[in-house]
Amino acid sequence: GIRPDLVVSVDASHLTGKQFETACDDLFLACSSLAYPPILSQFRGLFSGSLAANPISEWLNTFGAPKGTITAAGTVTTSAIDLAIQMGCSTVICVGADLSFKDNGVTHADHSMYHGSRLDPARLIKVPGNHQPEVFTSEQFKCYIDLLEDYIKAHPETRFINATRSGARIQGMELADPSLLGRLEGKPFSAYDAIAELHASFDENAAEPLREQLAETVEQLREIMADAQSAAMFCNQLIMMLRMPRMDDEALARNYLNTPQQNARRLTEARKC
């Protein structure tokens with residue numbers, strides 16, 4: 001029942017597709033070069049950013065107009081927070097950023113992509129909780145908590161609020177009951193209209209150098225795949241010869257050896273691709 005102004009995705013897993021099994025044609029998506037392709041066409045429009053520390057993003061950023069950077073810190077929550085700050089938000093409120101599990105090991109909210117997932121409580125660790133001394137979480141989520149706390153520390157000018165009735169404590173975030181969110185309301189304005197206006201201002205011709213480079217790279221990758229398959233075939237032929245050698249194999253073997261060497265040279269030249 002929630003219609004957001006902007007959706008954020010920095011995950012290419014097919015599992016994320018389940019999260020978009022609803023009408024998204026009136027929504028905008030902010031994503032990196034890592035996104036599950038089938039969801040992209042479902043949105044009204046896209047904002048594409050460069051994911052920090054991702055070599056593909058860094059490479060794509062060298063063609064055409066440089067993209068803005070989306071922070072990656074384990075959980076997409078941090079990426080969404082980072083975008084909110086880049087858009088000028090002085091206060092960022094998270095709803096239900098719990099980063100913890102129920103005592104019985106249930107990991108996520110109902111109807112999310114991990115609906116019904118459960119971990120063995122014996123394999124979980126305990127961390128300080130928001131409303132109880134300790135809560136269960138995983139080593140992975142503990143890493144997310146640490147990364148999020150580091151991010152918050154690096155932005156002392158921003159007010160961070162976590163609206164939740166449970167969850168792990170995140171240092172640097174004020175705690176608020178979701179029922180009190182109305183008291184935190186700022187001056188009303190249409191974030192959706194502002195986002196739509198910004199999207200409409202984009203010149204599609206600016207993406208042409210990137211399209212051309214991607215088309216060229218696809219062809220290079222096809223050549224690399226063909227060379228790799230060819231090399232594998234000739235290596236297999238050589239292995240068969242070694243298993244059952246014959247007197248007249250030498251000339252043929254030399255020819256077989258020469259072909260993978262040529263393939264190896266081309267693969268080395270195409271290392272960047």
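For the single chain, residues carry numbers from 1 onward in sequence order. Source: prediction; values computed, not measured.
Classification of the Y151-F160 ring pair by plane angle, with boundaries at 30° and 60°, yields perpendicular. Between F20 and F43, the ring planes lie perpendicular to each other; the angle is over 60°, past the 30° to 60° tilted range. Ring planes of H14 and Y36: perpendicular class, angle over 60° (limits at 30 and 60°). Between H108 and Y114, the ring-plane angle classifies as tilted under the 30° and 60° cut-offs.
The residues D227 and R266 are annotated as salt-bridged, a charged nitrogen and a carboxylate oxygen being separated by less than 4.0 angstrom. Using a 4.0 Å cut-off between charged nitrogen and carboxylate oxygen, E139 and K142 do not count as a salt-bridge pair.
Of the inter-residue distances, the one linking K102 atom NZ with L124 atom CG reads 14.0 Å to the nearest 0.5 angstrom. Here K153 contributes atom NZ and L148 contributes atom CG; the two are 11.5 Å apart, rounded to the nearest 0.5 Å. Considering CG of L180 and CG of L175, their distance stands at 10.0 Å, rounded to 0.5 Å. Between atom CG of residue N162 and atom CD of residue E174 there is a gap of 10.5 Å, rounded to the nearest 0.5 Å.
V95 is not connected to V92 by any chain of hydrophobic side-chain contacts under 4.5 Å among Ile, Leu, Val, Met, Phe, Trp and Tyr, and they are in different clusters. Hydrophobic clustering (side-chain heavy atoms under 4.5 Å, transitive across Ile, Leu, Val, Met, Phe, Trp, Tyr) keeps L40 apart from F28.
Of the possible donor and acceptor atoms, one in the side chain of N130 sits under 3.5 Å from a partner among the backbone N and O of A168. Of the possible donor and acceptor atoms, one in the side chain of D82 sits under 3.5 Å from a partner among the backbone N and O of T71.
Considering every non-hydrogen atom in both C94 and I81, the closest pair reads SG-CD1, 3.6 Å. Considering every non-hydrogen atom in both H131 and T164, the closest pair reads NE2-O, 3.1 Å. In terms of heavy-atom proximity, R44 sits nearest to A196 at NH2-CB, 4.0 Å. Contact between R3 and T22 at its shortest, heavy atoms only, is NH1-OG1, 4.1 Å. Between P121 and D103, the shortest heavy-atom distance links the atoms CG-O, 3.6 Å. Here the shortest heavy-atom pairing between S79 and I70 reads CB-CG2, 3.8 Å.
Side-chain contact between M173 and I152: present, with at least one pair of heavy atoms (C-beta onward) separated by less than 4.5 Å. Side-chain atoms of I125 and S138, non-hydrogen and from C-beta on, never get closer than 4.5 Å to each other. Using a 4.5 Å heavy-atom threshold, the side chains of T78 and L147 count as separate. In this structure, the side chains of F101 and F141 come closer than 4.5 Å at one or more pairs of heavy atoms. Looking only at side-chain heavy atoms (C-beta outward), I170 and E149 come within less than 4.5 Å of each other. When side chains are defined from C-beta on, E204 counts as touching R211, because their heavy atoms get closer than 4.5 Å.
Residue E269 qualifies as enclosed at atom CD: its count of foreign heavy atoms under 6.0 Å is above 12.
Checked by atom type, the side-chain pair D177/S179 shows a donor-acceptor distance below 3.5 Å. With hydrogens and angles left out, the side-chain atoms of Q213 and T217 include a donor and acceptor closer than 3.5 Å. Side-chain polar atoms of T69 and S50 form no donor-acceptor pair below 3.5 angstrom.
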With side-chain hydrogen bond (donor to acceptor under 3.5 Å, both in side chains) as the criterion, how do S32 and S57 come out once you've worked through the C-alpha distance, each side chain's angles and the decisive distance to 0.1 Å?
CA-CA 7 Å; S32 68; S57 286; 5.3 Å; no

Could you go through E219 and R222, starting from their C-alpha distance and side-chain angles, then the distance that decides it, and tell me whether this counts as salt bridge (Lys or Arg N to Asp or Glu O under 4.0 Å)?
CA-CA 5 Å; E219 290 306 311; R222 284 180 179 146; 2.6 Å; yes

Side chain to side chain contact (heavy atoms under 4.5 Å, CB included) evaluation trace for T268 with R265:
CA-CA 5 Å; T268 301; R265 177 176 49 76; 5.7 Å; no

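Here the rule is side chain to side chain contact (heavy atoms under 4.5 Å, CB included) with V135, and of P128, S100, S166 only S100 fits it.
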